[in-house]
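Shown next, in structure tokens, is the structure this report addresses.
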Amino acid sequence: MNKTWSVLKQRAEAAAHEAQAELNAVRARVTQLEASEAHIDKLKQDYLARYKEAQKEAHTIADNIAYRKFLDHLHGLRMRVSKQREAAEYDLGVAKDKLSAAQREQAKMEAMVERENRHTAAAAAKQEQRQLDEAGIR
């Protein structure tokens, strides 16, 4: 019986480690997407500054259109990255819940192993006491 609880405890520990690894991967993805958003924002700011400078000088309509198209492209890219980040943050919440559940299961299995060890020790002590009592009667 003790071996069963030990195996279940090992499986719970493995599940907790796997959930932790998944959580770390999702966190890294969220961080990467946040960095991408910041990079896109910086590009947009730099490009807007260039656009404003170009407005002060003589320029063609084609230049104006190119600037605006690029800004629209950056806006679209920012929106896609934003949606990906939101999805990754949702996945992060799911991964945190999964880790919590795995840790609870691990704690439960550890408690069961300890309980089984106490029962085994109590049974051994009882058996030993019986043998001592029998030896004392003889």
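What you are looking at is a predicted structure, and each value in this text was computed from that prediction instead of being measured. In what follows, every heavy atom counts, from backbone to side chain, and hydrogens, waters and symmetry copies are set aside.
Once rounded to the nearest 0.5 Å, the distance linking CG of D133 with NZ of K126 reads 11.5 Å. Note that NE2 of H119 and CH2 of W5 are 10.5 Å apart. Values are rounded to the nearest 0.5 Å. Separation of atoms CD (E13) and CZ (R11) is listed at 13.0 Å; rounding is to 0.5 Å. Here the straight-line distance linking atom CD of Q103 with atom CD of E110 works out to 10.5 Å at 0.5 Å rounding. Once rounded to the nearest 0.5 Å, the distance linking CE of M109 with OG of S6 reads 11.5 Å. Residue R104 holds its CZ atom at 9.5 Å from CG of L99, rounded to the nearest 0.5 Å.
Scored by the side-chain contact (heavy atoms from CB on, under 4.5 Å) test, Q10 finds no partners at all (sequence neighbours excluded).
Hydrophobic clustering of Ile, Leu, Val, Met, Phe, Trp and Tyr side chains at less than 4.5 Å, counting indirect connections, unites L74 with L33. Hydrophobic clustering, with ILVMFWY side chains joined whenever heavy atoms are under 4.5 angstrom apart, groups F70 together with V81. Under the 4.5 Å side-chain heavy-atom criterion for ILVMFWY residues, a single connected hydrophobic cluster contains both L77 and Y51. Follow the hydrophobic side-chain contacts under 4.5 Å out from I40 and you reach L71 in the same cluster.
Side-chain contact between L8 and M112 is absent, with no heavy atoms from C-beta onward closer than 4.5 Å. Put simply, the side chain of H17 does not reach to within 4.5 Å of the side chain of Q106, judged on heavy atoms.
Taking the charged nitrogens against the carboxylate oxygens, R68 and D72 have no contact shorter than 4.0 Å, which rules out a salt bridge. Looking at K83 and E86, no side-chain N of the basic residue comes within less than 4.0 Å of a carboxylate O on the acidic one, giving no salt bridge. Comment: E53 does not engage R50 in a salt bridge, judged by the lack of any side-chain N to carboxylate O separation of less than 4.0 angstrom.
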Side chain to side chain contact (heavy atoms under 4.5 Å, CB included) for E89 and R85? Distances and angles first, verdict last. CA-CA 6 Å; E89 285 175 346; R85 182 189 43 80; 3.1 Å; yes

Criterion side chain to side chain contact (heavy atoms under 4.5 Å, CB included) on K44 and H75, from CA distance to verdict: CA-CA 8 Å; K44 188 174 181 179; H75 179 71; 4.1 Å; yes

Please step through side chain to side chain contact (heavy atoms under 4.5 Å, CB included) for the pair K98 and E22, ending with a clear verdict. CA-CA 9 Å; K98 191 175 178 180; E22 182 179 339; 3.0 Å; yes

Test side chain to side chain contact (heavy atoms under 4.5 Å, CB included) applied to L48 and Y67, step by step: CA-CA 9 Å; L48 279 171; Y67 275 111; over 6 Å; no

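With hydrogens and angles left out, the side-chain atoms of D41 and Q45 include no donor and acceptor closer than 3.5 Å.
Nearest approach of A19 to A102, heavy atoms of both residues: CB-CB, 4.3 Å.
Within a 6.0 Å sphere centred on CG of L132, other residues, nucleotides and ligands contribute more than 12 heavy atoms. Counting heavy atoms of neighbouring residues, nucleotides and ligands inside a 6.0 Å radius, atom OH of Y47 exceeds 12 of them.
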